[in-house]
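Lettering of chains follows the sequences in order, A, B, ..., and the numbering in each one begins at 1.
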Amino acid sequence: MPRPSRESYGDQKPPYSYISLTAMAIWNSPEKMLPLSEIYKFITDRFPYYRKNTQRWQNSLRHNLSFNDCFIKIPRQPDRPGKGAYWALHPAAFDMFVNGSLLRRRKRFKLLKSDKEILENELAALTNINRIFFRTTKPLPWKLVMELLF
DNA sequence: ACCTAATTCAATC
DNA sequence: GATTGAATTAGGT
Ligand SMILES: [Mg+2]
């Protein structure tokens with residue numbers, strides 16, 4: 001994993017792909033997952049180059065998050081409200097930069113169609129569980145909930 | 001020169 | 001914010 005923490009390229013474009021920058025941001029975080037806004041912040045905080053043309057590169061970065069299987073969208077937990085989901089690195093993609101550079105990996109990380117479907121089902125299940133908590137102030141009758149679910 | 005990863009534009013939800 | 005496609009740019013051999 002790329003792990004630059006305090007670099008300075010001035011106003012020059014740093015030699016990292018959006019995938020690298022995003023992986024750095026996520027890896028640098030305590031929980032190894034960040035909402036979009038924090039990924040942006042990580043990048044603009046240390047690379048002045050990205051304080052311009054924000055609409056362009058942020059759209060590209062979002063494209064990367066959705067398109068690349070190495071990034072997975074974790075639904076936000078009810079106890080941590082905010083906008084958008086969290087983004088994490090797929091555990092099987094930790095080594096996606098080996099034998100490559102931070103500008104261009106040797107191969108794209110792509111999940112098998114079947115593995116992708118399994119992952120999507122798991123995340124969808126998580127979203128459903130979270131929905132049970134959504135906007136409830138008082139504690140839910142867990143005993144009852146569990147009995148209904150299982 | 002070639003392969004294909006990365007970036008961009010932009011429609012759509 | 002997130003997803004997707006199509007077209008273009010560009011890194012690495
Ligand atoms: Mg993804």
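- The distance between atom CG of A/N64 and atom C1' of B/dC9, rounded to the nearest whole Å, is 14 Å.
- Atom CG of A/L65 and atom C1' of C/dT4 are 14 Å apart (whole Å).
- Between the side chain of A/R105 and the backbone N or O of A/G100, no donor-acceptor pair lies under 3.5 Å.
- Counting only heavy atoms from C-beta on, A/L103 has its side chain closest to C/dG11 among B/dT7, C/dG11, B/dT8.
- A/F42 carries A/R46 over the face of its six-membered ring, with the cationic atom under 6.0 Å from the centre and within 45° of the normal.
- The side chain of A/S60 contributes no N or O atom lying less than 4.0 Å from OP1 or OP2 of B/dA6.
- Judged by the 6.0 Å distance and 45° axis criteria, A/K110 is positioned over the aromatic ring of A/F67.
- Distance from the side chain of A/K73 is smallest for C/dT3 among the nucleotides B/dT7, C/dT3, C/dG11.
- Rounded to whole angstrom, the span from the CD atom of A/Q58 across to the P atom of C/dG1 amounts to 8 Å.
- Residue A/R108 is in base contact, counting any heavy-atom pair closer than 4.0 Å across all strands shown.
- Listed candidates were C/dG12, C/dT3, B/dT7. Nearest to the side chain of A/N59 is C/dT3.
- Distance CG (A/L61) to P (B/dT7): 9 Å, rounded to an integer number of Å.
- With respect to A/E31 and A/R80, a salt bridge is recorded, a charged nitrogen being found less than 4.0 Å from a carboxylate O.
- Taking every side-chain heavy atom of A/R62 into account, C/dG1 is the closest of C/dT4, C/dG1, B/dA6.
- If you take CZ of A/R105 and C1' of B/dT4, they are 12 Å apart, rounded to a whole angstrom.
- Taking 4.0 angstrom as the limit, A/R104 places none of its side-chain polar atoms (N or O) nearer than this to OP1 or OP2 of C/dA10.
- A straight line from CG of A/N68 to P of B/dT7 spans 9 Å, rounded to a whole angstrom.
- Rounded to an integer number of Å, the gap from NE2 of A/H63 to C1' of C/dT8 is 12 Å.
- Atom-to-atom, OH of A/Y18 to C1' of B/dA6 comes out at 9 Å; the value is rounded to the nearest Å.
- Heavy atoms of A/S66 sit under 4.0 angstrom from at least one base atom.
- Across B/dT7, C/dG11, C/dT4, the shortest atom-to-atom separation from the side chain of A/S101 is found for C/dG11.
- Ring geometry, A/W57 versus A/Y40: the interplanar angle exceeds 60°, so the pair is classed perpendicular (tilted spans 30 to 60°).
- Residue A/W87 places at least one side-chain N or O under 4.0 Å from the OP1 or OP2 atom of C/dA2.
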